[in-house]
There are 2 protein chains.
Amino acid sequence: MVVRRSRRGEVMKKISEAVVRRLPVYLQVLSDLSKRDVQTVSSQELGNKLDLNPAQIRKDLAYFGEFGRKGIGYDVSYLIEKIRQILKLDQGLNVGLVGAGNLGRALCNYNTYLKDNMKITAVFDANPAMIGVAINSLVVMPMDQLKDIVVARNIRIGIITVPAAEAQNVADGFVEAGVEGILNFAPTILRVPEHVRIHYADFTTELLSLAYYLEKEGDETDEPVMD
Amino acid sequence: MVVRRSRRGEVMKKISEAVVRRLPVYLQVLSDLSKRDVQTVSSQELGNKLDLNPAQIRKDLAYFGEFGRKGIGYDVSYLIEKIRQILKLDQGLNVGLVGAGNLGRALCNYNTYLKDNMKITAVFDANPAMIGVAINSLVVMPMDQLKDIVVARNIRIGIITVPAAEAQNVADGFVEAGVEGILNFAPTILRVPEHVRIHYADFTTELLSLAYYLEKEGDETDEPVMD
DNA sequence: TAGATTGTTAATCGATTAACAATC
DNA sequence: TAGATTGTTAATCGATTAACAATC
């Protein structure tokens, strides 16, 4: 079995993607609780809110440390702080976006949504007509400045909101410029080197799979039967 | 074990969400192949393109029927047709959207992306200033018309693109109006009755979990070690 | 103390992968 | 026919859940 070790040599349990993907969800609920001045929360309560098994929540968190207190639960503020550290949100991450179309502009305006020290700090577009256009406090820049700006502003994450046909080119540009992660909104699969992480945010997948679960038009429900 | 049976009494294998979620991805790749006039494709080739195990692809498809030919592979056009049927994309599905903000408008303009017979056919907003505004061929309508329009236009899927704080109200409205599925873009968990399917398209989850995989600032890579 | 709740091990469940007979 | 590739069963792998000692 391949095992990672930290510099100090402790075995690092390989943490699955499913676990990592739940962390932002925990963060969301914890932020709500914090706003409502809740001090402490148990895995049971979190599980109720999220439709998740409490044991799973405890196990997820335990991968990263002992954040709870037996008999008490988790301190909301402390847990928020810890999860933010795990997700590197304590660092201040700069994000670049390519594709100043409708979706791209929406994301720029959402910049408050991307709170947590993550911020879109540069927007690019291939269309000459878009260059110089202001989106909030950002000004659209031409693609030939991508690399320079990414380096200059220490941009570590790239967002792609161009049509599918151009997405691979943009990804290549981001990779060459040295970003470490890419979030792709175009409905297409991209090839990037192993050292670059790529996540997909293609809502068409969610929308089309949603259709599967609709009742077939004019179909009666079939009865579940015990076997 | 709980088993579903069709009206004719055959046992219907319970199909996992993971399988259903891969179907739109297959569809996407198959569409590309079709555009390039490829007639036939093997699970091996599909697997290469998608970084998926060929056996998994064969198994996924076999849940729904025998679509391939031994020794030959899958006929691209036929498989597209079949997957479209499975996802009910052959039916013509009407979609309603609440929240004519930046993201909502982006999705309306994306209406071509939602090809495949799925179409946003009504847009609503709670803000009086937005009522009557044209987005493409759509005109923003007030919330008090939601139910009537959903019924009149046979809208079966609702999209939510309002701020998190209002999302639950909108969801309740959709449910009351009788939609069967909801796609929620707001970064919050919603409660809906069991008979309504809900999918989440919150990109903040993808973005925050992406940050986890960045190299820690100023950290050397740890070496994988065999155990 | 008694009750609550964590962190963690063991048991279960389900999903992915390998292997192969069937067959084009 | 020989080679290729499916559909499917069996084996493996990994993720979720249950259970419980530790302890607040």
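Side-chain atoms are counted along with the backbone in the values below, which use heavy atoms only and exclude waters and symmetry mates. Just so it is clear, the structure is predicted and the values come from calculations on it, not from any experiment. Lettering follows sequence order; numbering is per chain, from 1.
Remark: of the listed residues Leu46(A), Ile80(A), Ile83(A), Ile83(A) is the sole one forming a side chain to side chain contact (heavy atoms under 4.5 Å, CB included) with Tyr26(A).
Look at NZ on Lys70(A): it is 5 Å from C1' on dT6(C), rounded to the nearest Å. For the pair Leu61(B) CG and dT16(C) P, the computed distance is 14 Å after rounding to whole Å. Regarding Lys82(A), its NZ atom lies at a distance of 18 Å from the P atom of dT6(C), rounded to whole Å. The distance from atom CD of Glu17(A) to atom P of dT16(D) is 12 Å, rounded to the nearest whole Å. The NZ atom of Lys59(B) sits 11 Å away from the P atom of dT17(C) (whole-angstrom rounding). Counting to the nearest Å, the C1' atom of dT16(D) and the CG atom of Asp60(A) are 10 Å from each other. Residue Leu79(B) contributes atom CG, which lies 14 Å from atom C1' of dT5(D) at whole-angstrom precision. Atom CD1 of Ile57(A) and atom C1' of dT5(C) are 13 Å apart (whole Å).
The existence of a salt bridge linking Asp51(A) and Arg191(B) is confirmed by a sub-4.0 Å separation between a basic side-chain nitrogen and an acidic carboxylate oxygen.
A donor-acceptor contact under 3.5 angstrom links the side chains of Arg58(B) and Ser43(B), judged on distance only. With hydrogens and angles left out, the side-chain atoms of Asp172(A) and Gln168(A) include a donor and acceptor closer than 3.5 Å.
Heavy-atom neighbours of Gln85(A) CD from other residues, nucleotides or ligands within 6.0 Å: above the threshold of 12.
Of all the residues in residues 32-55 of chain A, Ser42(A), Ser43(A) reach under 4.0 Å from DNA chain C with at least one non-hydrogen atom.
Closest approach of Phe203(B) to Phe185(A), counting heavy atoms only: CB-CZ, 3.6 Å. Summarising the geometry of Leu87(B) relative to Leu27(B), their closest heavy-atom pair is CD1-CD2, 4.1 Å, with the distance given to 0.1 Å. Closest approach of Leu183(B) and Ala201(B) over heavy atoms only: CD1-CB, 3.9 Å.
The phosphate of dT9(D) (OP1 or OP2) has no side-chain N or O of Arg58(B) nearer than 4.0 angstrom. Within the 4.0 Å cut-off from OP1 or OP2 of dA4(C), not a single side-chain nitrogen or oxygen of Tyr74(A) is found.
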*Which string of ( ) [ ] | and . matches DNA chain D, if you list each base 5' to 3' and count Watson-Crick or G-U pairs only when both distances are under 3.5 Å?*
..||||||||||||||||||||||
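Side chain of Glu180(A) to backbone of Glu215(B): a donor-acceptor contact under 3.5 angstrom is found.
Minimum atom distance to the side chain of Glu66(A) is reached by dT8(C), of the listed dA10(D), dT8(C), dT23(D). Ranking dC24(C), dG7(D), dG7(C) by closeness to the Ala62(B) side chain, first place goes to dG7(D). Candidate nucleotides dT16(C), dT5(C), dC24(C) were compared by shortest atom distance to the side chain of Ile72(B), and dC24(C) ranks first. In this structure, the nucleotide among dG7(C), dC24(C), dA15(D) sitting nearest to the side chain of Ser16(A) is dA15(D).
Using a 4.0 Å heavy-atom cutoff across all strands shown, Arg69(B) reaches sugar-phosphate atoms only and no base atom. Residue contacts shown for Gln56(A) include a base, since a base heavy atom lies under 4.0 Å away.
At a threshold of 4.5 Å between non-hydrogen side-chain atoms, the residues Arg105(B) and Arg105(A) do not count as touching.
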